[in-house]
Amino acid sequence: MGIDKDGVKAAIESGKTALGIEFGSTRIKAVLVGEDNAPIASGSHDWENRLENNIWTYSLDDIWTGLQDCYTKLAEDVRGKYGITLTTVGAIGFSAMMHGYMVFDKDDNLLVPFRTWRNTITGEASEQLTELFQYNIPQRWSIAHLYQAILNGEDHVKDIVFQTTLAGYIHWKLTGVKALGVGEASGMFPIDIQTKQFDEAMIRKFDEKIADKGFAWKLEEILPKVLLAGDAAGTLTEEGAKLLDVSGNLKAGIPLCPPEGDAGTGMVATNSVAVRTGNVSAGTSVFAMIVLEKELSKVYEEIDLVTTPTGNLVGMVHCNNCTSDLNAWVNLFKEFADSFGIETDMDKLFGTLYNKALEGDSDCGGLLAYNYFSGEHITGFEEGRPMIVRTPDSKFNLANFMRANLFTSLGALKIGLDILMKKENVKVDNIFGHGGLFKTKGVGQKIMAAAMNASVSVMETAGEGGAWGIALLAAYMKNCADGEALDDYLANKVFAGSEGVSMEPDAEDVKGFDVFIERYKAGLPIEQAAVASLK
């Protein structure tokens with residue numbers, strides 16, 4: 001079925017569209033969606049963070065030239081495909097990688113270079129705040145950055161008038177509104193699930209903790225306003241329109257939805273914002289997000305708590321290592337084939353080796369592997385050494401070897417998920433998988449279903465990513481006047497008829513993974529010895 005170009009053209013001209021722009025860590029991407037919420041045009045800009053004075057950062061210049069280039073390419077795509085100039089859209093949304101530290105003075109000047117989520121320089125603050133709030137405060141959270149700056153005695157802190165995130169900063173500059181979507185806000189400071197606002201009792205505790213410093217500000221005064229999906233969050237100002245579109249064609253007055261974080265847009269793009277759903281993103285790193293029915297019984301440093309764009313509590317397990325070691329082994333087999341003069345297509349090679357894993361023993365025949373290219377906080381490692389270990393009587397064959405490497409790509413994740421599933425008895429009806437691990441049909445999906453003992457679905461649209469997710473949130477704000485809940489809107493208006501392929505866990509696989517994970521936990525001292533001995 002070809003695209004109805006005239007229909008799309010009419011929708012663009014009459015503003016029946018929504019635009020989403022997401023700042024990822026290596027790419028800024030813009031997606032324009034039409035009336036049926038499907039993408040009709042896109043643009044992107046590659047960028048890189050830089051390490052300056054031991055701080056991972058992007059300059060303000062990087063942010064604005066990147067955004068402008070990305071928007072220009074989107075406008076060119078519209079012109080190239082439909083022969084029209086983009087002058088308006090129905091609604092806009094901005095999203096970016098969460099957390100980090102951006103603080104401004106009374107004249108709106110950035111007080112110190114943007115400190116991104118990648119910085120692990122807030123260990124002391126993170127520990128003290130977790131203790132103070134009895135709530136896990138990871139190092140990358142904005143409040144940890146603020147408190148660490150206070151502990152360091154940094155001079156700029158006294159001059160803070162406003163603190164926000166990257167998405168919040170862009171939104172503010174384009175609309176004049178200092179607000180965040182609740183999902184993004186939940187990575188700055190804990191959210192009270194009842195009020196769906198920053199937790200007031202914790203704000204008071206924080207203010208008491210720093211009272212002796214004598215700052216002119218109170219925490220509540222410097223934080224952005226918290227909004228929910230569907231809330232109006234301001235309109236594009238004249239200055240904002242010029243900042244976004246350097247050609248000057250874009251008109252002011254377009255409504256914006258609350259800016260959201262990449263966790264929230266990932267949930268929207270995978271249709272997993274409803275309670276008892278979740279999604280797993282598995283590529284170079286891997287994270288799982290599960291929408292919880294209630295608060296957890298205690299604090300776990302392995303589990304980050306954030307929220308959906310509607311303010312429901314989400315348990316998040318994030319691991320640094322996933323497919324890097326798997327890819328390295330596949331490349332080794334490619335080299336082997338090349339040495340024999342055998343032409344191999346990488347997709348076919350991946351497919352063959354991944355499928356081979358399904359022929360292995362359920363517990364990988366006694367093999368043990370660690371995929372730690374870098375440290376892994378879930379298991380307490382600052383750095384890693386990839387390795388494969390076996391006993392003389394392990395069943396060492398290609399199927400078990402590939403299976404062990406696939407299992408270990410989800411090893412640390414499973415330890416975190418077992419806390420949710422087994423200790424906290426969290427129930428999940430369906431998990432949506434996306435990312436490189438799921439590319440080979442039916443393999444990563446089967447292994448993930450075994451790790452979680454839950455049904456796992458993979459959708460065709462999962463590759464659209466967060467820019468599409470924030471475009472959907474912009475469309476939802478524009479179209480939800482009748483009070484339809486976000487999860488219903490997604491189910492009825494976006495994903496109807498595209499449920500994807502579901503796979504139930506195989507009882508034998510589940511049992512095998514449980515045996516493997518006990519071996520994995522028992523073998524962690526081997527990994528520690530490797531880190532200590534192999535410098």
Output yes when [X] and [Y] qualify as a salt bridge under the 4.0 Å nitrogen-oxygen rule, no when they do not.
X      : Y      : answer
Asp363 : Lys395 : no
Asp347 : Lys439 : no
Glu527 : Arg385 : no
Lys521 : Asp418 : no
Lys493 : Glu484 : yes
Lys81  : Asp77  : yes
Arg403 : Asp509 : yes

Can you label the angle between the [X] ring and the [Y] ring as parallel, tilted or perpendicular, going by 30° and 60°?
X      : Y      : value
Tyr354 : Phe350 : perpendicular
Phe513 : Phe407 : parallel
Phe401 : Phe396 : perpendicular
Tyr372 : Phe381 : perpendicular

- Message: Quick check for you: to the nearest 0.5 Å, what is the distance between Thr440 atom OG1 and Leu406 atom CG?
- Response: 9.0 Å
- Donor-acceptor pair, side chain of Thr26 and main chain of Glu48, under 3.5 angstrom: no
